[in-house]
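These values consider heavy atoms only, across backbone and side chains, with no hydrogens, waters or symmetry-generated copies. Sequence lines set the chain letters: A, B, ... in the order given, protein chains first and strands last, and positions in each chain run from 1.
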2 protein chains.
Amino acid sequence: MNDAVHKTSAEVDPASGGRIRQRNAALILSAAEKVFAASGFNGASMAEIAAAAGLPKANLHYYFGTKEALYRAVLTNIIELWLGETHGITPEADPAEALGAYVRAKMRWSRERPDASRVIANELIHGAAFLTPYLEDDLRRLVDEKSAVIEQWIEAGRIAKLDPRHLFFSLWAMTQTYADFDLQIRAVLGGGPLSDAEYEHATEQVVAFVLRGCGLTPRG
Amino acid sequence: MNDAVHKTSAEVDPASGGRIRQRNAALILSAAEKVFAASGFNGASMAEIAAAAGLPKANLHYYFGTKEALYRAVLTNIIELWLGETHGITPEADPAEALGAYVRAKMRWSRERPDASRVIANELIHGAAFLTPYLEDDLRRLVDEKSAVIEQWIEAGRIAKLDPRHLFFSLWAMTQTYADFDLQIRAVLGGGPLSDAEYEHATEQVVAFVLRGCGLTPRG
DNA sequence: AAAAAGTTTGACCGAACGGTCAACTTGTTT
DNA sequence: AAACAAGTTGACCGTTCGGTCAAACTTTTT
């Protein structure tokens, strides 16, 4: 009952509060992202997350209330990153440069935050109950905007004639596959985690493929 | 104890047995694929699968023993389809025709068996504990073979210079995204399930993008 | 330094789950 | 039609899980 005061403040703004609260909330969020990515929402247990965070289970409930609230907090943290990185796609920009930078940024994201990508992927495969508002509002608006830019490029003959929306689907798929289906890639390439050089090679392959697919050349 | 006779026969060869066994096993497998795709291994409950199959829960255990065994049976059923469709990629074939056919086949698979694709995707995102042998043996061997073919094409100047393995990663990602991340695509395109015409359009977009990306033209 | 607010923790609870079982019915064989 | 195998089913069991709580402890405020 009297605990409601704490819980409410945590739910409204998880980043607020004193040093201790902020530090522990971050600790829990980080552990939760890892465990949710590895096991999915249902497969992950609060006890497992607590162990990963090095805290007793009751502590997680103190900060986040319920498992679902913790999951939403993890997703909210990720979504901002997920929608970003399209700022280079403008009517004035050079198509090859802008698309190349976008692909590289996406590949970097898959490299540096694979767990974040996996959480999103998992959520999309299953109902995406919580993600739907973001998909239908923010993401759709973003794609509408950037598609208009690409259509201008097409009309100006600066890029091959294609459906911009399906181009985005392909770009997301090609880049995020290096995070989501990492295991498949490792198995085919024959072994452990990709080295920096291997990942750089992968990035350049995707960039080159995309630019050619858009009727562009890396140089010029 | 005496039930072990039934279970053993079911585990060794789920497709064997009398009419009733075959019919019910197929019913359960179909329901299980749907539920596993929608909820993942951990999220799916035997009771839910039983309800979807229209059978009492104990019945599933009679045919498949454990939840894990049922899951393995579902995966085994899918893997054969998943590895197929590369037969058109041969040294003598026309690259544009062969790759176009492969992409179209993959797109068709995403359209007709989205649940199967989602089960695989889910398994890959999480540890793929059960899939790993197939990845490291069958899939790797298949990719090695087909990569050699594509390298021949490259040396003969019939296709752009690229790393065949990463080409396959991109092809799988681009096509399976229409099954796995269907929700994202629907949200961006603004609404319900894709019509046949819309899906055909998507297929042609992907085919054109891939062929251009490989330095090929749809005609000639 | 006392009071208040914030934080920690082990023990506990009800619900849901995978799995078992024995009694029963249906199908098959001879 | 008798005997046996195959299939069905509701009730039940132990475990695990998300969540609660009260009591203790620590930090901040005054």
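- Rounded to an integer number of Å, the gap from A:His61 NE2 to C:dT7 P is 17 Å.
- Protein atom CG of A:Leu27 is 14 Å distant from nucleotide atom P of C:dT7, rounded to whole Å.
- Across the protein-nucleic acid pair, A:Phe64 atom CZ and C:dT7 atom P stand 12 Å apart, rounded to whole Å.
- Applying the side-chain hydrogen bond (donor to acceptor under 3.5 Å, both in side chains) rule to pairs touching residues 28-56 of chain B yields B:Glu33-B:Arg113, sequence neighbours excluded.
- Checking D:dG19, C:dG18, D:dG7 against the side-chain heavy atoms of B:Ile20 singles out D:dG7 as nearest.
- Of the listed nucleotides (C:dG19, D:dG7, C:dT8), D:dG7 has the atom at the smallest distance from the side chain of B:Tyr62.
- Checking the phosphate oxygens (OP1, OP2) of D:dA6, no side-chain nitrogen or oxygen of B:Arg21 falls inside 4.0 Å.
- When the P atom of D:dG10 is taken as reference, atom CG of B:Leu60 falls 13 Å away, rounded to whole Å.
- Regarding contacts with the backbone of D:dT8, a side-chain N or O of B:Asn24 is found under 4.0 angstrom from either OP1 or OP2.
- Using a 4.0 Å cut-off between charged nitrogen and carboxylate oxygen, B:Arg118 and B:Asp115 count as a salt-bridge pair.
- Here the options are A:Val210, A:Thr175, A:Thr86, the test is side-chain contact (heavy atoms from CB on, under 4.5 Å), and the partner is A:Tyr102; only A:Thr86 passes.
- Between B:Arg19 and the phosphate of D:dA6, there is no side-chain N or O to OP1/OP2 separation shorter than 4.0 Å.
- For A:Tyr63 and C:dT8, the shortest distance from a side-chain N or O to OP1 or OP2 is below 4.0 Å.
- Taking CZ of B:Arg111 as the reference point, atom CZ of B:Arg108 lies at 12.5 Å (rounded to 0.5 Å).
- Considering every non-hydrogen atom in both A:Asn122 and A:Phe41, the closest pair reads ND2-N, 4.0 Å.
- Rounded to an integer number of Å, the gap from CZ of A:Arg23 to P of D:dT27 is 10 Å.
- Within residues 31-58 of chain A, the residues approaching DNA chain C are A:Pro56, A:Ala58, by heavy-atom distance under 4.0 Å.
- Rounded to a whole Å, the CD atom of A:Gln22 is 11 Å from the P atom of C:dT7.
- Screening residues 124-137 of chain A for salt bridge (charged side-chain N to carboxylate O under 4.0 Å, His left out) gives no qualifying pairs among residues at least two apart or on separate chains.
- Atom-to-atom, NZ of A:Lys67 to C1' of D:dT16 comes out at 11 Å; the value is rounded to the nearest Å.
- When each of A:Leu29, A:Val74, A:Asn59, A:Ile49 is checked for a side-chain contact (heavy atoms from CB on, under 4.5 Å) with A:Phe64, only A:Leu29 meets the rule.
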